[in-house]
Amino acid sequence: MIAKIGRSGNLHGALAYNQLKVENENGQILFTNNMIETANGHYSVAQLAQSFTPYLVANRNTEKHTLHISLNPDPKDTVSDGKFREMAEEYMREMGYGEQPFVVFKHTDIDRSHIHIVSVCVDEQGKKISDKFEKMRSMKVCRELERKHGLLPATDKEQKQNDKIFRPVDYKAGDVKSQVASVIRHLPDYYKYQTLGEYNALLSLFNITAEKVEGELQGEMQKGLLYIPLNERGERAGHPFKASLFGKNAGLPALELHFEKSKTALKKHPSQKTLQSAIKIALQYTNDELSFKKKLVEQGINAVVRRNDTGRIYGVTFIDHNSKTVWNGSRLGKELAANTFNDYWNNNIEQEIKEPALLKAKVSTSNYSDLPGEEPHHLFDFLNANQKQEGVCIEALGSLLPDAQGEDHEEQDFANKMKKKKKHERNRQ
């Protein structure tokens, strides 16, 4: 079992991400500890946040106060809900958070069964709980949980092998061919994408692009694929490599077969509704492209925007690193196609977007007004390996850990926009 610990200043982001899973029937709350209970056992984001507010008010100096931990058994392990509850409780106790409020979510939208735990690392008196030797202590606890519950162990060899794959290409570091190979040989094993455009959107996160080539050989037309390294600005930064250099699985026939398999797998895929809701929420509460992308990065989603020479947006692709799926906006719905974003960001024409059910369920925004400023939120259970200008950290096992850069977006700004929306609705009435 592998445990990943993320820290941020964005409690709302951690709760909202997991609650989206619950609202879309792709997750459930398994267990709560020292949390305010509701009469019917159901929670909104605001109701969950109430249990943490006294702790955050008691300590306003700790910037990264929110813990977002995931516990990931081996895919071959069969873990019951009861065993997940027991392991979560044991893990938090051994890590020094046993008396803290925390909520345990189980995610069911991907084949790999796993849980997420949201808590805070400051106690009721406002004292920060020590994180010294945290990684070493976490590994020790995981080994003990594996032994106690009969789980398959995560070996040191596996960890070292994982560190060698899925890092953005750095053309300045040399051996570019090996860097490209370490990405493209493994992406199809983890991500689903249906077109070359979607594939290139994913490759762009790793500083790579792929191009089709056609030519005549001995009187017959031949088709092939080239892989080209890019610099941090998305410009070509080296000579192209023929797909054949990386084996048959990197070539065009294998890629087209992957497109067909992905098309079948993504029909009515459970992650689609969660992704739609996250995008709509980000659109409603941001005013520009940069803040929109950062809001999605907090949810573990990358938005790759394509423009023509005149600056018009002709494509937007979304990469959901939780479900490992890639979607053109038009596949998610007409209102999320490229024209919507072009009108909004280039022409200042705001589109009518149907409000997601999760936002309608929020009973109050006052609970967020006292929260500290929002930091980039490390949502997922992955190691931080490298960084890219649009805020992406690439990690092993095909998992990407978002880490937004640039100016921070205050949680107060989010609360103010919610208040303005309510005021506008009252005035309209």
Side-chain angles (χ1 to χ4, degrees), residues 6 8 10-32 35 38 41-50 52 66-70 102-110 112-119 266 268-286 292-303 318-327 329 332-333 335-336 353-365 367-368 371 374 376-381 399-402 404 409 411 414 417-418:
S8 79
N10 183 10
L11 173 67
H12 173 265
L15 292 173
Y17 164 73
N18 286 285
Q19 188 62 14
L20 270 174
K21 300 279 187 178
V22 176
E23 293 288 333
N24 288 318
E25 300 181 351
N26 295 323
Q28 64 183 106
I29 294 178
L30 283 185
F31 174 70
T32 62
M35 300 280 288
T38 60
H42 298 290
Y43 294 87
S44 67
V45 173
Q47 289 167 331
L48 290 169
Q50 286 176 349
F52 300 102
T66 296
L67 293 169
H68 196 150
I69 301 167
S70 70
F102 61 83
V103 55
V104 180
F105 298 87
K106 179 182 178 182
H107 290 190
T108 58
D109 57 342
I110 59 176
R112 177 175 55 84
S113 182
H114 65 290
I115 58 175
H116 286 237
I117 308 170
V118 179
S119 186
L266 292 178
K268 297 181 180 180
H269 196 277
S271 68
Q272 187 172 356
K273 289 184 179 180
T274 302
L275 182 57
Q276 288 171 334
S277 296
I279 295 168
K280 290 177 182 179
I281 290 172
L283 266 177
Q284 286 198 337
Y285 298 108
T286 59
F292 171 77
K293 286 182 175 181
K294 287 181 178 179
K295 186 65 70 175
L296 286 182
V297 163
E298 292 163 11
Q299 309 302 324
I301 301 162
N302 279 108
F318 299 96
I319 302 166
D320 180 359
H321 299 298
N322 280 296
S323 60
K324 306 294 186 297
T325 58
V326 185
W327 305 80
L332 297 172
E335 58 187 353
L336 299 180
I353 302 293
K354 186 178 179 182
E355 190 173 65
L358 180 64
L359 288 184
K360 293 179 181 178
K362 290 180 181 176
V363 297
S364 170
T365 60
N367 295 311
Y368 304 116
L371 293 183
E374 180 176 306
H377 182 54
H378 297 264
L379 274 179
F380 305 114
D381 35 3
S399 305
L400 309 188
L401 174 61
H409 292 267
E411 191 65 51
F414 177 83
K417 287 178 181 178
M418 294 281 285

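As the structure is a computational prediction, the values presented were derived from the model and not from experiment.
Note that NE2 of His42 and CD of Gln47 are 11.0 Å apart. Values are rounded to the nearest 0.5 Å. Interatomic distance, Gln19 CD to Asn24 CG, rounded to the nearest 0.5 Å: 10.0 Å. Annotation: the span from Leu11 atom CG to Leu15 atom CG amounts to 4.5 Å, rounded to 0.5 Å. Between Leu30 atom CG and His107 atom NE2 the span is 10.0 Å, to the nearest 0.5 Å. Interatomic distance, Ser277 OG to Lys21 NZ, rounded to the nearest 0.5 Å: 11.0 Å. Of the inter-residue distances, the one linking Ile301 atom CD1 with His321 atom NE2 reads 9.0 Å to the nearest 0.5 angstrom.
Closest of all the heavy-atom pairs between Gly27 and Thr108 is N-OG1, 3.5 Å. Phe52 approaches Val118 most closely through the heavy-atom pair CZ-O, 3.7 Å. Pairing each heavy atom of Asp320 with each of Asn322, the nearest pair is OD1-N, 3.1 Å. In terms of heavy-atom proximity, Thr66 sits nearest to Ala14 at CG2-CB, 4.2 Å.
A donor-acceptor pair shorter than 3.5 Å can be found between the side chains of Asn26 and Thr274.
Counted within 6.0 Å of CD on Gln28, heavy atoms from surrounding residues, nucleotides or ligands total more than 12; the atom is thus considered enclosed. Counting heavy-atom neighbours within 6.0 Å of Lys106 NZ, excluding the residue itself, gives a total above 12.
Counting heavy atoms from C-beta on, the side chains of Asn18 and His68 come closer than 4.5 Å. Residues Gln299 and Ile281 are not in side-chain contact: their nearest non-hydrogen atoms beyond the backbone lie 4.5 Å or more apart. Counting heavy atoms from C-beta on, the side chains of Lys295 and Leu283 never come closer than 4.5 Å. Side-chain atoms of Asn302 and Val297, non-hydrogen and from C-beta on, do get closer than 4.5 Å to each other. Inter-residue side-chain proximity for Thr325 and Phe318 is flagged as unmet; no heavy-atom pair is nearer than 4.5 Å. Proximity of Trp327 to Leu266: side-chain heavy atoms (C-beta onward) are separated by under 4.5 Å at one or more points. Residues Tyr43 and Val22 fail the side-chain proximity criterion, which asks for heavy atoms closer than 4.5 Å. His269 places a side-chain heavy atom less than 4.5 Å from the side chain of Ser323.
Between Lys280 and Glu335 a salt bridge is recorded (basic side-chain N to carboxylate O distance below 4.0 Å).
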